[in-house]
There are 2 protein chains.
Amino acid sequence: MEEVGFAHFSAREVAKRIGYSIGTIYNVFGSYDALILAINGRTLALWRDYLERRLEQSQGDRLGHAIEAYFEFAAKHRHAWAAIYDFRLPEDLSPPETYQAQVRAIFDIVVAEVRAALPASRKGEAEALTRSLLATVHGHCVFAMNGTFAMLGEREPARAVLDRVREAVAP
Amino acid sequence: MEEVGFAHFSAREVAKRIGYSIGTIYNVFGSYDALILAINGRTLALWRDYLERRLEQSQGDRLGHAIEAYFEFAAKHRHAWAAIYDFRLPEDLSPPETYQAQVRAIFDIVVAEVRAALPASRKGEAEALTRSLLATVHGHCVFAMNGTFAMLGEREPARAVLDRVREAVAP
DNA sequence: TAAAATAATTGAACGCCGATCAATTATGCG
DNA sequence: CGCATAATTGATCGGCGTTCAATTATTTTA
């Protein structure tokens, strides 16, 4: 996935590379979708690790570093990161609970940082604000990675989104 | 595309439905990618029309209505809208100039609204701010459509993003 | 109008894909 | 060892994007 991206990824190629047959892939994962979900789950775990490590190193401006971590991870793992959003389960299904838990784990890390950055009087907004700020950062990251920002002349996406986040968190 | 979505879309099915053979599709469009680009270009045109019509009807709170238009169009044309972002050209290619022009045309419409909403002292920021706000709205729309917001308990994505936009435009 | 030149259309063929499953091979156990 | 259970295989299927020689339709020319 990391190498070829979601569009050119194939279960057959996975089987070839690990020295098993296509049948074994299906015995282990059950379906193509489940294989993708397993890979995306692993990417989420890597993402969370990356974010946590980046915050450990941080001394001040933790929110700024969290945003940098978002952009850095997406850039370092373009294809794997994009696959998380390129893949969509059939409309009537929800991701497995373990997958949802991984999304929430990343969310919880960011909530803590947003809450810490908020003045005491606004800490109650932390969760709702974090959902909105994650979407904000994500939107900027998507436009940075897919060329939309380049098309529109934006050269400092991370700087732009940091402005948005500071506005929203400012007392 | 509108019906089956990017993942299940196929040039063969297009040929079948319009009563031509697969070969003719390739004679006309040249490649699968070019066919997708033609469809996405058409979607951009529809999107622009929708936005313009929605703004014509608007009496006050034009930015709010532009955001509503973003969400409404994405919801009404889920698959076609998603296909704009699901499709990625080979990394070394840029979209054709006509396609880029359509993206900029939508951008220009929004710039005018953002500029009008900004106080005189900040009108110089209009373009940069619009890029950032488009990304912000897009991020919220993506999370609304792909289930991320549902997973995190967000029930009013349009309301949340309106708060972000108002913060950013406020004098 | 008839013949020739040009344009448009076709669909079989290729290699790849996800998915299935009867047949085979490997493993563990009494 | 013999047997039961588990793991693995890959041929097979229908569908995909892509190509291109062959065919059909249209236009131009004589």
Side-chain angles (χ1 to χ4, degrees), chain A residues 1-44 77-100 146-147, chain B residues 1-44 77-96 98-100 145-147:
Chain A
M1 183 68 80
E2 192 84 61
E3 262 183 58
V4 302
F6 184 75
H8 298 97
F9 176 86
S10 91
R12 285 185 126 96
E13 181 68 20
V14 170
K16 200 179 297 177
R17 293 201 190 188
I18 65 176
Y20 281 83
S21 74
I22 177 64
T24 297
I25 297 288
Y26 272 79
N27 289 337
V28 171
F29 292 97
S31 73
Y32 182 77
D33 285 7
L35 169 60
I36 300 291
L37 232 26
I39 291 171
N40 285 352
R42 183 174 176 279
T43 303
L44 286 178
H77 307 278
R78 291 188 74 93
H79 289 145
W81 175 79
I84 292 175
Y85 302 99
D86 288 340
F87 173 68
R88 241 148 279 148
L89 234 27
E91 316 218 358
D92 53 337
L93 296 182
S94 297
E97 186 48 46
T98 60
Y99 186 92
Q100 297 194 36
N146 74 3
Chain B
M1 182 68 82
E2 193 81 63
E3 260 183 58
V4 303
F6 184 75
H8 298 97
F9 176 86
S10 92
R12 285 184 127 97
E13 180 68 19
V14 170
K16 201 177 297 176
R17 293 201 190 188
I18 65 176
Y20 281 83
S21 74
I22 176 63
T24 297
I25 297 288
Y26 271 78
N27 289 337
V28 172
F29 292 97
S31 71
Y32 181 77
D33 285 7
L35 170 59
I36 300 290
L37 232 26
I39 292 171
N40 285 352
R42 184 174 176 278
T43 303
L44 286 178
H77 308 276
R78 291 186 73 92
H79 289 147
W81 175 79
I84 293 175
Y85 302 99
D86 288 342
F87 174 68
R88 241 148 279 150
L89 233 29
E91 317 218 358
D92 53 337
L93 296 182
S94 298
T98 60
Y99 186 91
Q100 296 192 37
M145 305 294 288
N146 74 4

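First the proteins, then the strands, lettered A, B, ... as listed; each starts at 1. Scope of the values below: all heavy atoms of this structure, side chains included, with no hydrogens, waters or symmetry mates.
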*asked:* One character per nucleotide, please: for nucleotides 20-27 of chain D, 5' to 3', B when the base has a protein heavy atom closer than 4.0 Å, S when only the sugar-phosphate does, - otherwise.
replied: --------
Round to the nearest Å and state the distance from [X] atom [atom1] to [N] atom [atom2].
| X | N | atom1 | atom2 | result |
| --- | --- | --- | --- | --- |
| B:Glu13 | D:dG14 | CD | P | 17 Å |
| A:Phe29 | D:dT8 | CZ | P | 12 Å |
| A:Tyr20 | C:dA26 | OH | P | 12 Å |
| B:Phe87 | D:dG17 | CZ | P | 12 Å |
| B:Phe6 | D:dC16 | CZ | P | 14 Å |
| B:His8 | C:dC17 | NE2 | C1' | 13 Å |
| B:Ile18 | C:dT10 | CD1 | C1' | 13 Å |

*Is it the case that A:His77 and A:Glu2 place a side-chain donor and acceptor less than 3.5 Å from each other?*
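A pair is found: one side chain offers a donor N or O, the other an acceptor, under 3.5 Å apart.
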*Members of residues 30-42 of chain A that approach DNA chain C, where some heavy atom sits under 4.0 Å away*: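 Per residue number, the list reads A:Ser31, A:Tyr32.
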*Can you list the residues that meet the side chain to side chain contact (heavy atoms under 4.5 Å, CB included) rule with A:Gln100, with sequence neighbours excluded?*
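With neighbours one apart ignored, the set is A:Ser94, A:Pro95, A:Glu97, A:Arg104, B:Met151.
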*For A:Ile22 and for B:Ser21, find the nucleotide of DNA chain C with the closest heavy atom, then tell me which residue's nucleotide is more 5'.*
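The answer here is B:Ser21.
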*Can you tell me if the side-chain N/O atoms of B:Ser10 get under 4.0 Å from OP1 or OP2 in D:dC16?*
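For B:Ser10, the contact criterion (side-chain N or O under 4.0 Å from OP1 or OP2 of D:dC16) is met.
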*Got a donor-acceptor pair under 3.5 Å from the side chain of B:Arg12 to the base of D:dG15?*
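Result: no qualifying N/O pair found.
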[atom2] on [Y] to [atom1] on [X], rounded to 0.5 Å:
| X | Y | atom1 | atom2 | result |
| --- | --- | --- | --- | --- |
| B:Ile36 | B:Leu89 | CD1 | CG | 11.0 Å |
| A:Leu35 | A:Ser10 | CG | OG | 9.5 Å |
| A:Met1 | A:Ile84 | CE | CD1 | 9.5 Å |

Please examine the side chains of [Y] and [X], heavy atoms only from C-beta on, and report whether any two atoms are closer than 4.5 Å.
| X | Y | result |
| --- | --- | --- |
| B:Tyr85 | B:Phe6 | no |
| A:Phe9 | A:Phe87 | no |
| A:Arg17 | A:Arg12 | no |

*Might you confirm whether atom OH of A:Tyr20 has over 12 heavy atoms from other residues, nucleotides or ligands at distances under 6.0 Å?*
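It does not: A:Tyr20 OH has 12 such atoms or fewer within range.
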